[in-house]
Amino acid sequence: MPPDTQPRIERLFVKPARNEPMRAVEALALVARFGIAGDIHAHKLSPRQVLVTLASELDALGLAPGTLYENLVIEGAVPEDFRPGSAIVSGAVEIRLTMHCEPCQRIAPLVGNLAAMVGRRGILGVVVHGGTLRTGDAVSLIPGRYSPLPASVQQKFSDFVATIPAGRVVRYRDVTMAIGVDDSFVRALPGYIRRNLDAGLPLHRIVDGRGQLLAALPQQAGMLAAEGVPSDGAVDLSRFLWQG
């Protein structure tokens with residue numbers, strides 16, 4: 001691509017805490033397999049470590065940078081190259097784009113019709129190689145570098161549960177984080193567990209928020225004990241919690 005048409009970072013934002021506004025910054029420190037240093041969404045399990053959008057999309061929507069709670073705004077990119085499965089590369093930094101960010105109620109007062117925002121809020125990603133990004137840095141979009149995450153929540157659930165290592169457990173909220181759904185999805189997880197009892201997944205490695213065993217899995221204590229995880233109705237999360 002000729003130098004004068006090289007995509008560049010137009011704006012950068014960080015969200016330090018849940019109830020704080022997005023903060024415009026000149027540089028972001030990205031940590032591999034974790035996310036943006038100092039950002040509320042940084043977590044090893046999360047496929048939502050970074051939210052990226054295009055300046056052209058914000059212009060088309062008539063929105064100011066930062067409105068969609070994005071971390072990166074890229075100008076000059078070819079929209080066809082900006083999709084789940086693409087990579088964003090700038091110097092040593094590489095971000096894998098995982099899935100479209102769904103519109104949610106917190107942006108409703110700013111954008112009006114949420115249905116019209118489907119597929120337009122930006123794309124989420126994870127940090128593959130860390131480093132520092134600065135406004136004005138050149139970036140490359142490499143389409144097809146990775147496989148996009150499946151659109152099906154069921155498939156995301158199955159894929160994640162299969163990765164939980166023997167001898168460790170995760171909580172309901174760790175599952176929702178890892179499959180990239182809203183925290184409220186915790187209420188649906190017991191149903192997913194019951195529907196997958198015969199799927200050959202290590203469901204016994206899921207516990208509730210306090211480490212308590214699940215009523216839907218009567219053999220859970222024995223299965224965990226066979227993996228070296230003792231329990232007396234609950235698992236010691238300080239010893240056996242897995243977070244990626």
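We're numbering straight along the sequence, starting at 1.
With Glu57 contributing its side chain and Gly122 its backbone, the two residues share no donor-acceptor pair below 3.5 Å. Using a distance-only test at 3.5 Å, with no hydrogens or angles considered, a donor-acceptor pair links the side chain of Glu70 to the main chain of Leu68. Looking only at distances, no side-chain donor or acceptor of Lys156 sits under 3.5 Å from a matching main-chain atom of Asp159. Counting only distance, with no hydrogens or angles, the side chain of Thr98 and the backbone of Leu124 share a donor-acceptor pair below 3.5 Å.
Proximity of Leu97 to Tyr146: side-chain heavy atoms (C-beta onward) are nowhere separated by under 4.5 Å. Within the 4.5 Å cutoff, the side chain of Phe13 has no heavy atoms near those of the Leu28 side chain. Proximity of Trp242 to Leu45: side-chain heavy atoms (C-beta onward) are separated by under 4.5 Å at one or more points. With a 4.5 Å cut-off on side-chain heavy atoms, Glu227 and His204 count as touching. You'll find the side chain of Val139 reaches within 4.5 Å of the side chain of Ile9, heavy atoms only. Using a 4.5 Å heavy-atom cutoff, the side chains of Val161 and Pro202 are in contact. Contact check for Pro47 versus Met99: side-chain heavy atoms found under the 4.5 Å cut-off. At least one side-chain heavy atom of Leu217 sits less than 4.5 Å from a side-chain heavy atom of Leu197.
In this structure, Glu20 places its CD atom where more than 12 heavy-atom neighbours from other residues, nucleotides or ligands lie under 6.0 Å away. More than 12 heavy-atom neighbours from other residues, nucleotides or ligands sit within 6.0 angstrom of CZ on Arg195. Dense packing is recorded around CG of Asp59, with more than 12 heavy atoms of other residues, nucleotides or ligands lying under 6.0 Å away.
We find the CZ-CD1 distance between Arg48 and Ile179 to be 10.5 Å, quoted to the nearest 0.5 Å. A distance of 5.0 Å separates CG of Leu30 from CD1 of Ile95, quoted to the nearest 0.5 Å. Gln243 contributes atom CD, which lies 5.0 Å from atom CZ of Arg171 (distance to the nearest 0.5 angstrom). Rounding to the nearest 0.5 Å places NE2 of His41 at 7.0 Å from CG of Asn71. Distance OG/Ser86 to CD1/Ile88: 8.0 Å, rounded to 0.5 Å. With rounding to the nearest 0.5 Å, the separation of CG in Asp174 from OG in Ser46 is 11.0 Å.
Residues Met223 and Leu214 do not share a hydrophobic cluster, defined by chaining ILVMFWY side chains whose heavy atoms lie under 4.5 Å apart. With hydrophobic clusters built from ILVMFWY side chains whose heavy atoms lie under 4.5 angstrom apart, Ile36 shares a cluster with Val25. Taken together through direct or relayed side-chain contacts under 4.5 Å among Ile, Leu, Val, Met, Phe, Trp and Tyr, Leu149 and Ile123 form parts of separate hydrophobic clusters. Two different hydrophobic clusters hold Val128 and Val50 under the rule that ILVMFWY side chains link at heavy-atom gaps under 4.5 Å. Tracing side-chain contacts under 4.5 Å through hydrophobic residues (I, L, V, M, F, W, Y), one never reaches Leu51 starting from Met177; they form parts of separate clusters.
In plain terms, the two heavy atoms of Val127 and Gly35 that are nearest each other are CG2-CA, 3.8 Å. Across Pro16 and Val14, no two heavy atoms sit closer than the pair CD-O, 3.5 Å. Closest non-hydrogen pair, Val186 versus Pro190, comes out as O-CD, 3.5 Å. Listed here is the closest heavy atom pair of Ala92 and His129: O-CB, 3.2 Å. In terms of heavy atoms, Pro65 sits closest to Leu58 at CA-CD1, 3.8 Å. Across all non-hydrogen atoms, the minimal contact from Asp137 to Ser90 is CB-OG, 3.8 Å.
When only modelled atom types and interatomic distance are considered, Gln154 and Asn196 share a side-chain donor-acceptor pair under 3.5 Å.
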Next item on the list: Run the numbers on Thr53 and Arg121 for side-chain contact (heavy atoms from CB on, under 4.5 Å), then give the verdict.
Entry: CA-CA 7 Å; Thr53 194; Arg121 185 177 176 186; over 6 Å; no
Next item on the list: Take Arg8 and Thr135, measure what side-chain contact (heavy atoms from CB on, under 4.5 Å) needs, and give me the verdict at the end.
Entry: CA-CA 8 Å; Arg8 294 188 178 276; Thr135 55; over 6 Å; no
Margin query: Does Ile142 form a side-chain contact (heavy atoms from CB on, under 4.5 Å) with Asp81? I'd like the steps, not just the answer.
Written below: CA-CA 7 Å; Ile142 306 173; Asp81 294 342; over 6 Å; no
Notebook entry, point to check: Given the rule in the side-chain contact (heavy atoms from CB on, under 4.5 Å) test, do Arg33 and Lys44 qualify, once you have shown the distances and angles that lead to the verdict?
Noted result: CA-CA 6 Å; Arg33 299 177 298 280; Lys44 290 180 180 180; 5.6 Å; no
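Grouped with Leu237 in one hydrophobic cluster are Val169, Val207, Leu213, Leu224, Val229, Val235, Phe240, Leu241, the linkage being side-chain heavy-atom contacts under 4.5 Å among Ile, Leu, Val, Met, Phe, Trp and Tyr residues.
Tyr172 and Tyr192 have their aromatic ring centers separated by at least 6.0 angstrom.
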